[in-house]
Amino acid sequence: MPTDHPEFVHPSQPGAADALIRETLAAIDTTGGRTVVGPWLGEVGFEVLYWIPFLHWLFERHGIDRENVTVVSRGGAEPWYRGLAGRYVDVFDHITAEDFRRQTLELWAQTGGLQKQVAVRSWDEQVLDATLGEDWRDQALLHPQLLYRLFRNVWQGALPLRDFLDRAVHHPWVKPDLAGELPGEFTAVRFYFRDSFPDTPENRELVHDVVDRLAARRPVVLLNTGVVVDEHADVEPPASERILRPLAGIEAARNLAAQSAVVARGSLFVGTYGGLAHLAPFYGVPTVGFASDSREINPVHLTVARRTAVVYDTPLAVVNADAYALLEAV
């Protein structure tokens with residue numbers, strides 16, 4: 001697996017992306033195909049929009065045997081990797097959510113807020129040691145840094161979007177198993193604060209108004225779990241008999257699987273743009289994502305999200321308060 005040493009060719013140079021992929025394939029061939037994918041420790045949006053479609057392309061294009069692949073991710077993301085691995089190992093089966101969050105925030109402080117896995121850092125190695133023991137060191141490591149090295153210039157607008165689209169493959173997503181019962185029809189909702197939707201009185205009022213209006217039409221199922229692994233804090237709407245909270249208190253190792261199972265069965269997903277608003281279209285669920293500061297949204301990511309929604313024949317709307325008012329008027 002290539003590392004971030006300066007002597008490596010930059011992916012903006014002609015043929016550099018193909019060279020990085022060839023180097024990765026050579027490392028996999030050296031270990032007889034035994035490969036560790038991950039650990040994925042970052043955002044849901046990047047994982048589902050980029051990482052997983054890229055892995056499908058890489059494995060299919062180059063005939064990588066999935067049975068020799070071990071995926072390491074977190075929160076019960078195993079259903080997302082269907083068809084990509086013979087084995088899935090969850091970080092939260094070996095590291096507590098509290099330790100994960102502490103280490104993540106410490107790393108962000110050390111790197112000036114850099115959240116991307118642009119290199120194999122000591123925290124990645126600690127996670128791999130905790131989840132796989134020393135065995136991972138004898139396998140090829142397909143680390144998320146490859147994704148960033150390949151496509152960061154696409155995200156920055158220096159290379160055409162086609163450079164990613166030509167290396168992405170989409171398959172139907174299967175609904176994860178559901179524990180417990182849900183209403184026959186409901187709206188899945190999760191709002192949280194982030195740079196594009198900051199914690200302001202106006203945004204809190206907007207969330208309360210949106211959820212109240214949604215609950216007047218059909219039951220609302222909140223996806224808030226209480227699991228906190230980064231700086232994002234869930235918004236809690238006021239209590240109501242029309243607002244259900246079936247995932248409150250769920251264990252960290254199942255939180256993403258449980259949220260996926262609920263989202264996949266919803267009639268609609270509404271929430272903060274990002275994360276689950278990227279995931280819902282993969283299950284064919286119409287999605288409305290809220291962002292109050294469009295300057296904090298990378299237009300390339302938004303374009304990829306919209307194109308992905310088209311692939312799954314699913315409506316995706318990204319709105320602010322004014323656009324929401326227009327939707328209400330219509």
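We find the CD-NE2 distance between Glu60 and His171 to be 3.5 Å, quoted to the nearest 0.5 Å. Taking CD1 of Ile95 as the reference point, atom CD of Glu98 lies at 12.0 Å (rounded to 0.5 Å). Separating the CD1 atom in Ile21 from the NE2 atom in His62 is a distance of 5.5 Å, to the nearest 0.5 Å. We find the OG1-CG distance between Thr308 and Leu279 to be 11.5 Å, quoted to the nearest 0.5 Å. Separating the CG atom in Leu147 from the CG atom in Leu55 is a distance of 8.5 Å, to the nearest 0.5 Å. Interatomic distance, CG of Leu276 versus CZ of Phe269, reported as 5.0 Å (0.5 Å rounding).
With ring centers used as reference points, Trp51 lies 6.0 Å or more from Tyr81. Within the 6.0 Å centre-distance limit, the rings of Phe290 and Tyr324 are counted as a close aromatic pair. The distance between the ring centers of Phe151 and Phe54 falls below 6.0 angstrom.
Applying the salt bridge (Lys or Arg N to Asp or Glu O under 4.0 Å) test to residues at least two apart or on different chains, none of the pairs has a partner in residues 299-318.
Asp163 is not listed as a side-chain neighbour of Leu161, based on a closest heavy-atom distance of 4.5 Å or more. Annotation: side chain of Val221 is not in contact with side chain of Thr187 (no heavy-atom distance under 4.5 Å).
One finds a salt bridge joining Asp234 and Arg190 here, because a Lys/Arg side-chain nitrogen approaches an Asp/Glu carboxylate oxygen to under 4.0 Å. Ion pairing of Glu134 with Arg137 is present here, as a side-chain N (NZ or NE/NH1/NH2) and a carboxylate O approach within less than 4.0 Å. Ion pairing of Asp18 with Arg167 is present here, as a side-chain N (NZ or NE/NH1/NH2) and a carboxylate O approach within less than 4.0 Å. One finds a salt bridge joining Arg245 and Glu236 here, because a Lys/Arg side-chain nitrogen approaches an Asp/Glu carboxylate oxygen to under 4.0 Å. Salt bridge status for Arg213 with Asp209: present, with a side-chain N to carboxylate O gap under 4.0 Å. Of the charged side-chain nitrogens involved, none lies within less than 4.0 Å of a carboxylate oxygen, so that Asp124 and Arg121 do not count as a salt-bridged pair. Note on Arg61 versus Asp166: no salt bridge recorded, every NZ/NE/NH1/NH2 to OD/OE distance being 4.0 Å or above. A salt bridge links Arg74 with Glu47; the closest basic N to acidic carboxylate O contact falls under 4.0 Å. Ion pair Arg254/Asp90 not flagged as a salt bridge, since none of the NZ, NE, NH1 or NH2 atoms sits closer than 4.0 Å to an Asp/Glu carboxylate oxygen.
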Return a table of donor-acceptor pairs under 3.5 angstrom between the side chains of residues 258-267 and protein atoms on other chains or two or more places apart.
| from | atom 1 | to | atom 2 | distance (Å) |
| --- | --- | --- | --- | --- |
| Gln259 | NE2 | Asn255 | O | 3.3 |
| Gln259 | NE2 | Asn255 | OD1 | 3.0 |
| Ser260 | OG | Trp80 | NE1 | 3.0 |
| Ser260 | OG | Leu256 | O | 2.7 |
| Arg265 | NH1 | Pro176 | O | 3.0 |
| Arg265 | NH1 | Ala261 | O | 3.0 |
| Arg265 | NH2 | Pro176 | O | 3.1 |

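If you check the side chains of Asp135 and Gln139, you find a donor sitting under 3.5 Å from an acceptor. With no hydrogens or angles considered, no side-chain donor-acceptor pair links Asn320 and Ser292 at under 3.5 Å.
For Asp93 (side chain) and Ala253 (main-chain N/O), no donor-acceptor pair under 3.5 Å exists by modelled atom type. A donor-acceptor pair under 3.5 Å is formed between the side chain of Thr287 and the backbone N or O of Val285. Side-chain N or O atoms of Thr24 include none that pairs as donor or acceptor with a backbone N or O of Arg22 at under 3.5 Å. With hydrogens and angles ignored, the 3.5 Å screen pairs no side-chain donor or acceptor of Asp65 with any backbone N or O of Gly33. A donor-acceptor pair is defined here as one N or O able to donate and one able to accept, closer than 3.5 Å; such a pair exists between the side chain of Arg66 and the backbone of Gly83. Distance alone, capped at 3.5 Å, places no donor-acceptor pair between the Tyr312 side chain and the Trp173 backbone.
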Legend entry - Full working for side-chain contact (heavy atoms from CB on, under 4.5 Å) between Gln145 and Gln117: CA-CA 5 Å; Gln145 70 159 318; Gln117 290 176 270; 5.8 Å; no
Legend entry - Trp57 vs Phe164, ring pair (Phe, Tyr, Trp, His ring centres under 6.0 Å): CA-CA, chis, key distance, verdict: CA-CA 10 Å; Trp57 172 84; Phe164 168 72; 9.8 Å; no
Inset, instruction - Could you check Val207 against Arg204 for side-chain contact (heavy atoms from CB on, under 4.5 Å), going step by step and ending with a plain yes or no? - result: CA-CA 5 Å; Val207 170; Arg204 286 184 175 271; 5.9 Å; no
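The two residues Val71 and Ala85 have their closest heavy-atom pair at CG2-CB, 3.5 Å. Of all non-hydrogen atoms in Val91 and Thr131, the two that sit nearest each other are CA-CG2, 3.9 Å. Residues Leu302 and Ile297 approach most closely at CB-CG2, 4.1 Å, considering heavy atoms. Residues Glu296 and Asp195 approach most closely at CG-O, 3.5 Å, considering heavy atoms.
Following chains of ILVMFWY side-chain contacts shorter than 4.5 Å, one can reach Tyr88 starting from Ile64, so the two form part of one hydrophobic cluster. Hydrophobic clustering of Ile, Leu, Val, Met, Phe, Trp and Tyr side chains at less than 4.5 Å, counting indirect connections, keeps Val174 apart from Val44. Linking Ile, Leu, Val, Met, Phe, Trp and Tyr residues whenever their side-chain heavy atoms come within less than 4.5 Å places Leu268 and Ile243 in a single cluster.
Applying the side chain to side chain donor-acceptor pair (under 3.5 Å) criterion to Thr225, with sequence neighbours excluded, gives no partner residue.
Using cut-offs of 30° and 60° for the angle between ring planes, the Trp40 and Tyr148 rings count as parallel.
Within 6.0 Å of the CD atom in Glu205, the count of heavy atoms belonging to other residues, nucleotides or ligands does not exceed 12.
Note that Lys116 lies in the cation-pi zone of Phe46, set by a 6.0 Å cut-off to the ring centre and a 45° limit from the axis.
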